[in-house]
Q: 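Below: one structure in structure tokens.
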Protein chains: 2
Amino acid sequence: MARNDNSVNIENQGERYHHGDLRAALIEEGLKRLQAGPAEALSLREIARNVGVSATAVYRHFPDRAALLGALCLVGDERLADAFAAAMARAKPGLDAFSAMGRAYVRFALANPSLFRLMMSAQVGGLDHGRSRGRDMLARGIAEMSGGRTSKAMQDVRQLRAWSMVHGLAMLMLDGLVPADDAIIARVVDAAVL
Amino acid sequence: MARNDNSVNIENQGERYHHGDLRAALIEEGLKRLQAGPAEALSLREIARNVGVSATAVYRHFPDRAALLGALCLVGDERLADAFAAAMARAKPGLDAFSAMGRAYVRFALANPSLFRLMMSAQVGGLDHGRSRGRDMLARGIAEMSGGRTSKAMQDVRQLRAWSMVHGLAMLMLDGLVPADDAIIARVVDAAVL
DNA sequence: CGACTATGTTTACAGTGATAACATGGCAAG
DNA sequence: CTTGCCATGTTATCACTGTAAACATAGTCG
């Protein structure tokens, strides 16, 4: 949720040569544009135009388009982690964990379709965007769920099944292959045996 | 698997004004290019160039780029359906059905990453590419699996869980978030309770 | 044969990501 | 205070894209 930690006055600086915090402004505009359309349709020039800056100014802050998308991914990951934290806080401990996390996962995807898809697309410039707070939380939450006296290998399989299920449901709904109905999410995620 | 049902000699016609079957050639070249890179990187001009035809010739056979991609989707769907049919033929009837279909699904995705992603992306020009032989077969196979005396609603939920799981696993592996290991596929898909 | 039509071509335009060379202005050292 | 450095902007340019319009060719059918 953190928005502007840069202490620069964004208003009434239309005439300034130096923007103040162009990097943050570009990211913000990119996120805005990502709410309106897919990541493929996101053009550097349009972002720069909307921010009120020349197209090539972007390259002072990002080596290329992929790097800007990568920055957007990082923001998305923070938000996903926040959503997980909130969901976990509300959930009763124990078996509820998976339901809560799973619902949060799918809902996040539906609420931020382009951003979510971008975050999961991986070939964002080839970088595997290594550690991810969101994925770590998901893994921990699922591990807590399958806590019984099963073997480590079996836990891993269950964990992967769980992630696959929520990820697949999110993708199918995002792509319109399954209606994005909240009741359906609940029925699929709740009481899944795995 | 069907390749050339057009009975036109593709060879030694380098000088012809009319191509013979340009539409098929464009699709074929598109599929080839899709094996080498993602669908976003697929350009009309490059396809036309490789086929040896001017860029705008494409528009005699497809209204726009999205339409060509749509045609590629149709081919992909046929191939997926073929893969399903082969898997079902090999599988013993009954509970094996889901394992066989699930493995075929994920393997198809891994074998044709860009094509699979394209097929599932839906916003291919806005058309929801309505009926799909591949999806129909998947649905029927899964329905056969969850055949017990459970309620219709419960069957639907299980069916959706199954599809979500294999779809999610395929996507996670495609995006490099889970190693694309055949043994992992087997462990996840087999003996899933759902 | 002659016209029609399907299927090509050339030309043109607006938009894109990216590079190179140049301009500005804030800040720190002399 | 002045000087110069350098981060951050700018303009100009290039190769590429999808697409539209106008023109050319050739196979087909009256």
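Atom set for the values below is all heavy atoms of this structure, side chains included, hydrogens, waters and symmetry mates excluded. In what follows, chains are A, B, ... by sequence order, proteins preceding strands, each numbered from 1. These figures come from a predicted structure and were not determined experimentally.
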Q: Classify B/Arg60 by what it touches in the nucleic acid, base, sugar-phosphate, or nothing, heavy-atom distance under 4.0 Å.
A: base

Q: Output yes when at least one side-chain N/O atom of B/His61 is less than 4.0 Å from OP1 or OP2 of C/dA6, else no.
A: no

Q: I need the full list of salt bridge (charged side-chain N to carboxylate O under 4.0 Å, His left out) pairs touching residues 47-59 of chain B, with sequence neighbours left out, sorted by first then second residue.
A: none

Q: Report the residues that fulfil side chain to side chain contact (heavy atoms under 4.5 Å, CB included) with A/Val178, sequence neighbours left out, ordered by chain and then residue number.
A: A/Leu172, A/Met173, B/Leu160, B/Trp163

Q: Apply side chain to side chain donor-acceptor pair (under 3.5 Å) to A/Glu40 and list each qualifying residue two or more places apart in sequence or on a separate chain.
A: none

Q: Roughly, in whole Å, what's the span from CG in A/Asn50 to P in C/dG15?
A: 14 Å

Q: Name all residues meeting the salt bridge (charged side-chain N to carboxylate O under 4.0 Å, His left out) criterion together with A/Arg187; count only those two or more places apart in sequence or in a different chain, and write none if there are none.
A: none

Q: Rounded to the Å, how far apart are A/Asp21 CG and D/dA7 P?
A: 16 Å

Q: Using the 3.5 Å cut-off, write out each protein N or O paired with an N or O of nucleotides 10-14 of chain C and the distance between them.
A:
{"from": "C/dT10", "atom 1": "O4", "to": "B/Thr56", "atom 2": "OG1", "distance (Å)": "2.6"}

Q: Examine distances only and state if a side-chain atom of A/Ser99 and a backbone atom of A/Asp190 form a donor-acceptor pair shorter than 3.5 Å.
A: no

Q: Output the rounded distance in Å from CG (A/Leu22) to P (C/dG25).
A: 16 Å

Q: Take the protein atom CG of A/Leu68 and the nucleotide atom P of C/dT16, then report the distance between them rounded to whole Å.
A: 14 Å

Q: Applying a 4.0 Å non-hydrogen cut-off, can you work out what A/Arg49 is touching in the nucleic acid: base, sugar-phosphate, or nothing?
A: sugar-phosphate

Q: Could you list the donor-acceptor pairs under 3.5 angstrom formed between side-chain atoms of residues 59-74 of chain B and any protein atom two or more places apart in sequence or on another chain?
A:
{"from": "B/Asp64", "atom 1": "OD1", "to": "B/Ala67", "atom 2": "N", "distance (Å)": "3.2"}
{"from": "B/Arg65", "atom 1": "NH1", "to": "B/Leu42", "atom 2": "O", "distance (Å)": "2.3"}

Q: Counting any heavy atom closer than 4.0 Å, what does B/Leu42 reach on the DNA or RNA strands: base, sugar-phosphate only, or nothing?
A: sugar-phosphate

Q: Nearest-Å distance, CG (A/Leu44) to C1' (D/dC16)?
A: 15 Å

Q: Nearest whole angstrom, please: distance from the C1' of C/dG15 to the CD of A/Glu40.
A: 17 Å

Q: Take the protein atom CG of A/Asp64 and the nucleotide atom P of C/dG17, then report the distance between them rounded to whole Å.
A: 11 Å

Q: Roughly how far, to the nearest 0.5 Å, is CE of B/Met154 from CZ of B/Arg161?
A: 5.0 Å

Q: Using whole Å, report how far CZ of B/Arg65 lies from C1' of C/dT16.
A: 13 Å

